Amino acid sequence: MAEHKQMSEEEVRKRTRALLEEVHPERTESIPFRLAQFRHGLAWVHFPEGYGGLGISPKFNATVQDEIAKHSSVIHGDNPAGLIGIGMGAPVVLTHGSEDLKQKLLPRIFSGEDIWCQMFSEPSAGSDVAGLATRAVRDGDEWVVNGQKVWTTVAHISQWGMLLARTNPDVPKHDGLSYFVLDMKSPGVDVRPLYQITGEAEFNEVFFNDVRIPHGNLLGKEGQGWRVAITTLMNERVAIGGGGSGKKAGGGIGQLLKLWKERPAAAHSAAQEALMRDRVSQLYIESELLRLTVQRARGGQKAGNPGPEGSVSKLAGAEINKRMWETGIDLMGSRGLSFEAGYELRQGGGAGLGSTEGFAKYSFLRSRANSIEGGTSEIMKNILGERVLGLPGEPRVDKEVPWKDVPRS
Ligand SMILES: Cc1cc2nc3c(=O)[nH]c(=O)nc-3n(C[C@H](O)[C@H](O)[C@H](O)COP(=O)(O)OP(=O)(O)OC[C@H]3O[C@@H](n4cnc5c(N)ncnc54)[C@H](O)[C@@H]3O)c2cc1C
């Protein structure tokens, strides 16, 4: 893997001040400010020059943020709905996209103008995503897509989707896939919301009825979609993997500590208090360990895409978060059983859960998804066992069999 270019921290700060002289967040709207940040190479500094970066270590992304915060009371941060585009869309386009796609798509991902979604999972292909059935058939300069995806986060507000589809059913499953960037406004794309336990509909079912995609929107080569998908998945685990807000006692653990401090006096017996203190302290230690591990891994990251090690923080983050909010509910005692913040069906809007307790109840419900989304905890353990620790692989009976001959329900 290539090394990053060397640059001093002071030089990064100087370049950030030059950006602020040209466009200041207090006087500029978010989109034009972020487009200028992209042009200055200060969007994602570890990307190459010309694509929003400077080709330097990703640890300097924090330096850019810090320097902006020093000089501005207004911060134009990432679009909250833009996580998939920024965390996964951008690196996959950078690694596998044509020059045209890079120039067209990358600035708008960073500016927050375009929201992206990831269309991998299907009703019968989640953990075994390489077994998927959505078909894309070549027709001249276009591909025609038919099939169905499911659990597609933010598809209802997306401009672009990363689509993995089967282009050759006659070869083993991993060899017959191709990867497309799909304009979600294309005719024949039908997005239908799915409601979650929290009352939100952050994800959807997506149906494709003779959807046409230009051949130029293929990422990588025909039949090499699995390789491209791996780039997405490795980045996904890092993007959604734990580490909290990056600040000491920030993020979820900060909220849990607030809940602990605000609990009513004598809510628990002395014995329960001691037990609760023990659980909260243990979670604080584990959150801090995770935060520092993630920070160290990012600091040491070489140029290019992350490797299977990203599964460490994905697995640990999911499991800590679930225990964190179980503790939150236990801290509230019987009050934790009501969801007074309102269990109404929503799509897209924020949780609107102002109080510490409301946030904790929402987080308890939402955290159940952490060990499923982006690959389940069992799958993370398989990856770590096989790809990091070098343990023997699981038996894979369909590996050499043409996809069309694999029995499926
Ligand atoms: C909130 C949320 C958002 C999501 N967003 C997206 C999205 O934007 N795009 C997208 O494409 N997908 C998305 N997903 C789907 C997600 O990636 C899948 O749900 C996940 O990969 C699991 O697949 P599955 O649901 O089909 O479960 P299955 O694969 O059917 O798994 C069922 C159970 O079997 C276990 N299991 C399966 N195989 C093995 C094995 N080999 N070894 C051990 N245990 C195994 C699993 O761990 C799980 O416990 C989202 C899911 C959630 C919950």
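Computed from a predicted model, the values in this text were never measured in an experiment. In each ligand, atom 1 is the first atom listed, and ligand 1 is the first ligand listed.
Between R166 and E122, no side-chain nitrogen of the basic residue sits less than 4.0 Å from a carboxylate oxygen of the acidic one, so the salt-bridge criterion is not met. Using a cut-off of 4.0 Å between Lys/Arg side-chain N and Asp/Glu carboxylate O, E288 and R291 are scored as salt-bridged. Using a 4.0 Å cut-off between a side-chain N of Lys or Arg and a carboxylate O of Asp or Glu, R263 and E273 qualify as a salt bridge. Classification of R34 and E29 as a salt-bridged pair fails, no side-chain N sitting under 4.0 Å from a carboxylate O.
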Kindly determine whether E319 and S377 satisfy side chain to side chain donor-acceptor pair (under 3.5 Å), including the steps that lead there. CA-CA 8 Å; E319 298 304 322; S377 286; 2.5 Å; yes
Would you sort out whether M332 and K361 count as a side-chain contact (heavy atoms from CB on, under 4.5 Å), showing the intermediate values? CA-CA 9 Å; M332 284 182 264; K361 290 172 192 178; 3.7 Å; yes
For the pair R366 and E202, evaluate salt bridge (Lys or Arg N to Asp or Glu O under 4.0 Å) and give the outcome as yes or no after the intermediate values. CA-CA 11 Å; R366 181 61 181 79; E202 70 179 74; 2.9 Å; yes
Is there a side chain to side chain donor-acceptor pair (under 3.5 Å) between E26 and S73? Walk through the geometry before answering. CA-CA 7 Å; E26 289 169 8; S73 57; 3.0 Å; yes
Let's go through E9 and R13 carefully: what are the C-alpha distance in whole Å and the side-chain angles of both, what is the deciding distance for salt bridge (Lys or Arg N to Asp or Glu O under 4.0 Å) to 0.1 Å, and is it a yes or a no? CA-CA 6 Å; E9 185 181 322; R13 289 188 184 277; 2.9 Å; yes
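Across every non-hydrogen atom of G89 and W116, the tightest pair is CA-CE3, 4.0 Å.
Atom 19 (O) of ligand 1 has its closest protein heavy atom at I372 CG2, 3.4 Å. The closest protein non-hydrogen atom to atom 8 (O) of ligand 1 is T153 N, 3.0 Å. Counting protein heavy atoms only, atom 48 (C) of ligand 1 is closest to T376 CG2, 4.1 Å. Looking at atom 17 (O) of ligand 1, its nearest protein heavy atom turns out to be S121 OG, 3.5 Å. The protein atom (non-hydrogen) at minimum distance from atom 26 (O) of ligand 1 is G126 CA, 3.2 Å. In this structure, the protein non-hydrogen atom closest to atom 13 (C) of ligand 1 is W151 O, 3.1 Å. Protein heavy atom in closest approach to atom 37 (C) of ligand 1: S127 OG, 3.5 Å.
In this structure, atom 35 (C) of ligand 1 has its sub-4.0 angstrom surroundings free of protein heavy atoms. Within the 4.0 angstrom cut-off, atom 28 (P) of ligand 1 has one or more protein heavy-atom neighbours.
Neither the backbone nor the side chain of V129 has a heavy atom within less than 4.0 Å of ligand 1. Contacts with ligand 1 closer than 4.0 Å are made by no heavy atom of K149, backbone or side chain.
Summarising the contacts of atom 47 (O) of ligand 1 with E373, R396, E378, E202, the nearest heavy atom is found in E378. In this comparison of M88, Q118, R366, the heavy atom closest to atom 9 (N) of ligand 1 sits on Q118.
Near F120, meaning under 4.0 Å from any of its heavy atoms, are these atoms of ligand 1: 11 (O). Atoms of ligand 1 lying under 4.0 Å from at least one heavy atom of F203, given by number and element, are 1 (C), 2 (C), 3 (C), 52 (C). Listed by number with element, the atoms of ligand 1 under 4.0 Å from a non-hydrogen atom of N382 are 40 (C), 41 (N), 42 (N). Close approach of ligand 1 to E394 (heavy-atom distance below 4.0 Å) involves ligand atoms 40 (C), 41 (N), 42 (N). For ligand 1, the atoms lying closer than 4.0 Å to a non-hydrogen atom of A369 are 1 (C), 53 (C).
No side-chain donor from either of H96 and Q224 sits under 3.5 Å from a side-chain acceptor of the other.
Geometrically, R408 engages W403 in a cation-pi contact, judged by NZ or CZ lying under 6.0 Å from the ring centre and within 45° of the ring axis.
Checked against a 3.5 angstrom limit, the closest N/O atoms of I379 and ligand 1 fall outside it.
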